[in-house]
Amino acid sequence: MNQASLYQNANQVQRHDAKLILEEFASTLQWRSDGEDALLDVGSGSGNVLMDFVKPLMPQGAQLVGTDISSQMVGFASKHYQTEERTQFRVLDIGCKRLPQELSGRFDHVTSFYCLHWVQNLRGALGNIYDLLRPEGGDCLLVFLASNPVYEVYKILQLNEKWSGYMQDVEQFISPLHYSSNPGEEFSQLLNEVGFIQHNVEIRSEVFVYEGVRTLKDNVKAICPFLERMPAALHEDFLDDFIQIVISMNLQQGDQHKDQDQKFISPYKLVVAYARKSPNIVNNVLIETTHQKLLKGLN
Ligand SMILES: C[S@@+](CC[C@H](N)C(=O)[O-])C[C@H]1O[C@@H](n2cnc3c(N)ncnc32)[C@H](O)[C@@H]1O
Ligand SMILES: CC(C)=CCC/C(C)=C/CC/C(C)=C/C(=O)O
């Protein structure tokens, strides 16, 4: 997904979820007493969730860094929000092998909305999020899809020879937790493995209703990675096939012959995770104690 302006105009679900969750977690986030918080947002996209819902929560003197793997998204956000003080956007692949040195250990908070379901190497991404936080401690709020009917639609479309050539790698675009029987437990385990001792993970079952065929098509267009691989002349045909599959999955209500009257039901599962990094000294004591216990067990 590289079309920032398409995304900026068709991200109602993403904005709705981020707004509600940020209102809920505004007072849980551990704001600094000096108001000099530094926050990095992972997968900021066109930047409007970060600027409309995260920035207003932050103290006046706070620094914000919006990041994204897509240079097109970063270019759009930088231009759109160029007059915002203490705010910058830069390219970062959160799944990268080595973080840029100037970002490592620099942040009090990391946030991420609707991004981590795009990252197959979830463990690597979480390790990087841990390392972005200061050694003295910090916290993160991570919100992403565990599952969504869009993934089942993609898999059915891939079986159609009209589209299969564009969708060979469909699994790369399915949330790494989509097939998990216990996504909450799996994600908690990953948080533990990378060093987050204190964390809370919830899997929330949500439903969003898209009003009318055009609304659903625009929302699909904004995020579907396969459309940019095919000639624009095929887009409407692909989206029509998408809608037919949604109807066959019984996710449609209303008069099939009146585009405006149709509603499309999207039941999905959202991971909402909040985690705190403890200061190194606390971690070292805990590791030491565990180590001593293990040694005692051996003697
Ligand atoms: C659905 S958008 C979410 C944008 C924004 N956070 C919001 O809530 O509206 C997902 C964003 O994640 C970015 N993304 C995907 N994989 C990424 C990765 N490995 N590292 C950083 N960003 C990534 C995409 O380029 C895209 O801009
Ligand atoms: C009814 C139905 C299949 C709805 C799918 C709606 C849709 C466009 C989901 C997108 C989910 C997603 C990957 C969002 C994102 O990354 O922002």
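Owing to the predicted nature of the structure, the values given are computational and were not obtained by experimental measurement. In this chain, numbering begins with 1 at the start of the sequence shown. Each ligand, and each atom within it, is numbered from 1 in the order the structure gives.
Note: Phe226 and Tyr154 meet the aromatic proximity criterion, with ring centroids under 6.0 Å apart. For Phe196 and Tyr130, the ring centers sit closer than 6.0 Å to each other.
Not a single heavy atom of Val13 lies less than 4.0 angstrom from ligand 2. Within the 4.0 Å heavy-atom shell around ligand 1 one does not find Ala18. Residue contacts with ligand 1 leave out Ile223, since none of its heavy atoms falls under 4.0 Å from the ligand. Residue contact annotation: His117 has a non-hydrogen atom under 4.0 Å from ligand 2. Using a non-hydrogen distance threshold of 4.0 Å, Phe173 does not register as a contact of ligand 2.
Relative ring orientation between His117 and Tyr114 is described as perpendicular, the plane-to-plane angle rising above 60° on a 0-90° scale split at 30° and 60°.
The shortest N/O to N/O separation between Asn48 and ligand 1 does not fall below 3.5 Å. Considering backbone and side-chain N/O of Ile94, one or more are found under 3.5 Å from N/O of ligand 1. Between Tyr114 and ligand 1, a contact under 3.5 Å exists for no N or O pair. Polar contact with ligand 1: absent for Asp41 (N/O pair, distance under 3.5 Å). At least one N/O-N/O distance between Gly43 and ligand 1 falls below 3.5 Å. Between Gly95 and ligand 1, no N or O atom pair is found at a separation short of 3.5 Å.
Those atoms of ligand 1 with a heavy atom of Gly45 less than 4.0 angstrom away are 4 (C), 27 (O). Within ligand 1, the atoms closer than 4.0 Å to a non-hydrogen atom of Leu92 are 20 (N), 21 (C), numbered from 1 in the order shown. Per-residue contacts place Ser266 under 4.0 angstrom from the following atoms of ligand 2 (heavy atoms of the residue considered): 1 (C), 4 (C). Close approach to Met73 involves these atoms of ligand 1, each under 4.0 Å from a residue heavy atom: 27 (O). Taking every heavy atom of Ile223 and a limit of under 4.0 angstrom, the matching atoms of ligand 2 come to 10 (C), 15 (C), 17 (O). Every atom of ligand 2 is numbered from 1 in the order shown, and the set under 4.0 Å from a heavy atom of Ile265 is 1 (C). Taking every heavy atom of Trp118 and a limit of under 4.0 angstrom, the matching atoms of ligand 2 come to 16 (O).
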Quiz item: Can Val272 and Phe144 be said to form a side-chain contact (heavy atoms from CB on, under 4.5 Å), step by step?
Solution: CA-CA 7 Å; Val272 181; Phe144 65 101; over 6 Å; no

Practice problem: Tell me, with the steps shown, if His178 and Glu152 meet side-chain hydrogen bond (donor to acceptor under 3.5 Å, both in side chains). | Solution: CA-CA 10 Å; His178 182 66; Glu152 296 306 317; 2.8 Å; yes

Exercise. Could you please spell out the steps behind the side-chain contact (heavy atoms from CB on, under 4.5 Å) verdict for Leu103 and Arg90?
Key: CA-CA 11 Å; Leu103 297 181; Arg90 58 176 288 170; 3.8 Å; yes

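A salt bridge between Arg229 and Asp169 is present, with a side-chain N of the basic residue lying under 4.0 Å from a carboxylate O of the acidic one. The residues Asp108 and Arg32 are annotated as salt-bridged, a charged nitrogen and a carboxylate oxygen being separated by less than 4.0 angstrom. Arg106 and Glu136 are not joined by a salt bridge, as no carboxylate oxygen comes within less than 4.0 angstrom of a charged side-chain nitrogen. Residues Asp240 and Lys217 are paired through a salt bridge, judged by an N-O separation under 4.0 Å between the basic side chain and the carboxylate. A salt bridge links Arg123 with Glu193: the distance from a Lys NZ or Arg NE/NH1/NH2 to an Asp or Glu carboxylate oxygen falls below 4.0 Å.
Under 4.0 angstrom from ligand 2, there are no non-hydrogen atoms of Tyr268. Only the side chain of Leu145 comes within 4.0 Å of ligand 2, counting heavy atoms alone; its backbone N, CA, C and O stay farther away. The part of Gln14 lying near ligand 2 is the side chain, judged by heavy-atom distances below 4.0 Å. Both the backbone and the side chain of Asp93 come within 4.0 Å of ligand 1, judged by heavy-atom distances.
Separating the CG atom in Asn219 from the SG atom in Cys224 is a distance of 12.0 Å, to the nearest 0.5 Å.
With 3.5 Å as the limit, one finds no donor-acceptor pair spanning the side chains of Glu24 and Tyr274.
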